[in-house]
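Report on one structure; see the data block that follows.
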Amino acid sequence: MVCQKEPLVQKVCDLYEQISSLESLKPSKDVDMLFTQLVLTCIPPNPIDVNKLCKKIQEMRSKLIRLCGEAEGHLESHFSAILGSYENPLDHLNVFPYYSNYLKLSHLEFNILKQHCTNVPSKVAFVGSGPLPLSSIVLACNHLTATSFHNYDIDPSANSKALQLVTSHPDLSSRMFFHTTDIMDVTSELQEFDVVFLAALVGMDKEEKVKVIDHLAKQMAPGAILMLRSAHGARAFLYPVIDPCDLRGFEVLSVFHPSDEVINSVVIARKYSLPINSIDQQQTGLGSMIVLPNKCCEILAFNPLSHVTMVEELAVEEQHS
């Protein structure tokens, strides 16, 4: 059991106490300083397994992830408003301090997608796009230049800010769409998408995120691709963790754990062609759980900085009954 005596955990706990005592999580000198310290503490590769944390630390981690999500929302909203004040917002994306991270993450995700998607997707959904939909914007501008992007967010003010960023762009304004709705209320519409991206902060803990994944498994088209973001090691203090074995109804294709400043791990999966209940019937005695090979939970380190054109992957072999 990993508890507070561990130096890393002690440092994270100390930062949590300071962050949770802040009057506001909107961008400010103190907020920026504390979250920068937190990120720098959690980024270095660390073998810690958050599943083995004691109950007290588990509770702290859950609260910290929510604080991180709230602060990230404020940060994106703040910079989206700044960008929206420009005549051509997309010409000034580099004012956002983490823009380079989004460039690297989107490049990584595109390379992963190319390994498993033979045709260029014509229609993509991004769930949890937020007020500053940089992932969709970067993918649409740099990688999927003929694809339409449908961005889903539950917050109308987030979508209003996001729409402002692309309205003046002649190309993106015709390919970028924003829907204000809870993704759990979207059903047959999800059948239209070749690829669905699930943002890291949709579902602030594993239980919430698994509910969303189960909903997508029921509604997405057979053979469609799901790309979602997770976290590994100490980075799991910043974002929820989804293990490949949590993706019921999907064949997990690859798992990537970046080792540089790109914080999120990337999981890519394909919806099974058969209905979930048909697969369950074939997996006699296994209930609703799709059992994947043990190596679906292995760790793979990936550093986009040193492998710019080559994507290393952990292929999950198909289970033979």
Side-chain angles (χ1 to χ4, degrees), residues 1-76 98 101 128 130 154 198-214 228-248 255-267 289 294 296-301:
M1 191 70 71
V2 180
C3 277
Q4 207 159 341
K5 292 181 181 179
E6 173 75 29
L8 170 70
V9 176
Q10 178 64 57
K11 176 66 173 175
V12 172
C13 286
D14 290 345
L15 288 168
Y16 164 75
E17 293 298 332
Q18 296 178 67
I19 290 169
S20 61
S21 66
L22 291 168
E23 291 184 5
S24 170
L25 293 177
K26 293 181 179 180
S28 69
K29 183 178 178 180
D30 289 342
V31 170
D32 297 347
M33 177 189 69
L34 287 172
F35 278 101
T36 297
Q37 288 183 33
L38 179 63
V39 170
L40 292 175
T41 299
C42 296
I43 274 187
N46 189 294
I48 190 169
D49 183 352
V50 294
N51 293 319
K52 295 180 180 178
L53 297 169
C54 64
K55 183 178 180 181
K56 178 182 177 182
I57 306 302
Q58 289 278 17
E59 291 173 352
M60 180 278 296
R61 173 179 169 260
S62 296
K63 294 174 183 176
L64 181 59
I65 288 173
R66 292 183 183 275
L67 291 173
C68 288
E70 183 181 345
E72 189 170 319
H74 286 310
L75 183 71
E76 291 187 3
Y98 301 106
N101 286 32
I154 200 170
L198 183 61
L201 294 176
V202 175
M204 295 302 293
D205 58 35
K206 176 174 281 198
E207 290 72 25
E208 292 176 13
K209 195 174 287 286
V210 166
K211 286 180 182 178
V212 176
I213 293 169
D214 286 347
L228 60 86
R229 294 166 183 176
S230 182
H232 180 68
R235 300 168 187 222
F237 284 109
L238 307 174
Y239 291 101
V241 173
I242 285 295
D243 295 312
C245 305
D246 294 323
L247 277 79
R248 295 171 293 200
V255 181
F256 297 81
H257 297 310
S259 59
D260 67 345
E261 66 268 29
V262 175
I263 295 172
N264 290 120
S265 300
V266 179
V267 181
M289 178 61 73
N294 287 336
C296 77
C297 296
E298 289 177 3
I299 296 170
L300 179 69

Tightest non-hydrogen contact, residues Ala200 and Pro240, listed as O-CD, 3.8 Å
Expected output: side-chain Lys209 to main-chain Val202 donor-acceptor under 3.5 Å:
yes
Nearest non-hydrogen partners of Ala234 and Ile48, listed with the distance:
N-CG2, 3.5 Å
Using modelled atom types and a 3.5 Å cut-off, is there a donor and acceptor pairing between side-chain atoms of Asp214 and backbone atoms of Lys211?
no
Mind checking the CZ-CG spacing from Phe237 to Leu38? Nearest 0.5 Å is all I need.
9.5 Å
Would you check if the side chain of Asp246 reaches a backbone N or O of Val210 as a donor-acceptor pair within less than 3.5 Å?
no
Run Leu67 and Leu22 through side-chain contact (heavy atoms from CB on, under 4.5 Å) and show every step you take.
CA-CA 10 Å; Leu67 291 173; Leu22 291 168; over 6 Å; no
Correct closest heavy-atom pair for Asp32 and Pro27 would be OD1-CA, 4.0 Å
Out of curiosity, Thr36 OG1 to Leu15 CG, how far, rounded to the nearest 0.5 Å?
10.5 Å
Take Cys68 and Phe35 through the test side-chain contact (heavy atoms from CB on, under 4.5 Å) and record every step on the way to the result.
CA-CA 8 Å; Cys68 288; Phe35 278 101; 3.8 Å; yes
Walk me through it: do Gln18 and Asp14 pass the test side-chain hydrogen bond (donor to acceptor under 3.5 Å, both in side chains)?
CA-CA 7 Å; Gln18 296 178 67; Asp14 290 345; over 6 Å; no
One should read off an interatomic distance between Met60 CE and Lys56 NZ, to the nearest 0.5 angstrom, of 9.5 Å
Going from SG on Cys13 to CG on Leu8, what distance comes out if it is rounded to the nearest 0.5 angstrom?
9.0 Å
State, to 0.1 Å, how close Leu201 and Met204 come at their nearest heavy-atom pair, and which atoms those are.
O-SD, 3.5 Å
Working to the nearest 0.5 angstrom, can you tell me the gap between Glu261 CD and Ile263 CD1?
9.0 Å
When you measure from the side chain of Ser230 to the backbone N and O of Ser265, does any donor-acceptor pair fall under 3.5 Å?
no
Is a donor from one side chain sitting under 3.5 angstrom from an acceptor on the other, for Glu72 and Tyr98?
no
For Val241 and Ala231, the nearest pair of non-hydrogen atoms, with its separation, is CG2-O, 3.5 Å
Treating Lys26 as the side-chain partner and Val31 as the backbone partner, does any N or O pair qualify as donor plus acceptor under 3.5 Å?
no
Please check if the side chain of Arg61 supplies one atom and the backbone of Ala236 the other of a donor-acceptor pair under 3.5 Å.
yes
Does Ile213 form a side-chain contact (heavy atoms from CB on, under 4.5 Å) with Ile242? I'd like the steps, not just the answer.
CA-CA 10 Å; Ile213 293 169; Ile242 285 295; 4.1 Å; yes
State the CD1-CD distance between Ile19 and Gln37, to the nearest 0.5 angstrom.
8.5 Å
Do Asp205 side-chain atoms and Glu208 backbone N/O form a donor-acceptor pair below 3.5 Å?
yes
I'd like to know if the side chain of Gln58 reaches the main chain of Val50, judged simply by a donor and an acceptor atom lying under 3.5 Å from each other, with no hydrogens or angles considered.
yes
Does any N or O in the side chain of Asp243 come within less than 3.5 Å of the main-chain N or O of Cys245, such that one atom is a donor and the other an acceptor?
no
Yes or no on side-chain contact (heavy atoms from CB on, under 4.5 Å) for His257 and Arg235, after CA distance, side-chain angles and deciding distance?
CA-CA 10 Å; His257 297 310; Arg235 300 168 187 222; over 6 Å; no
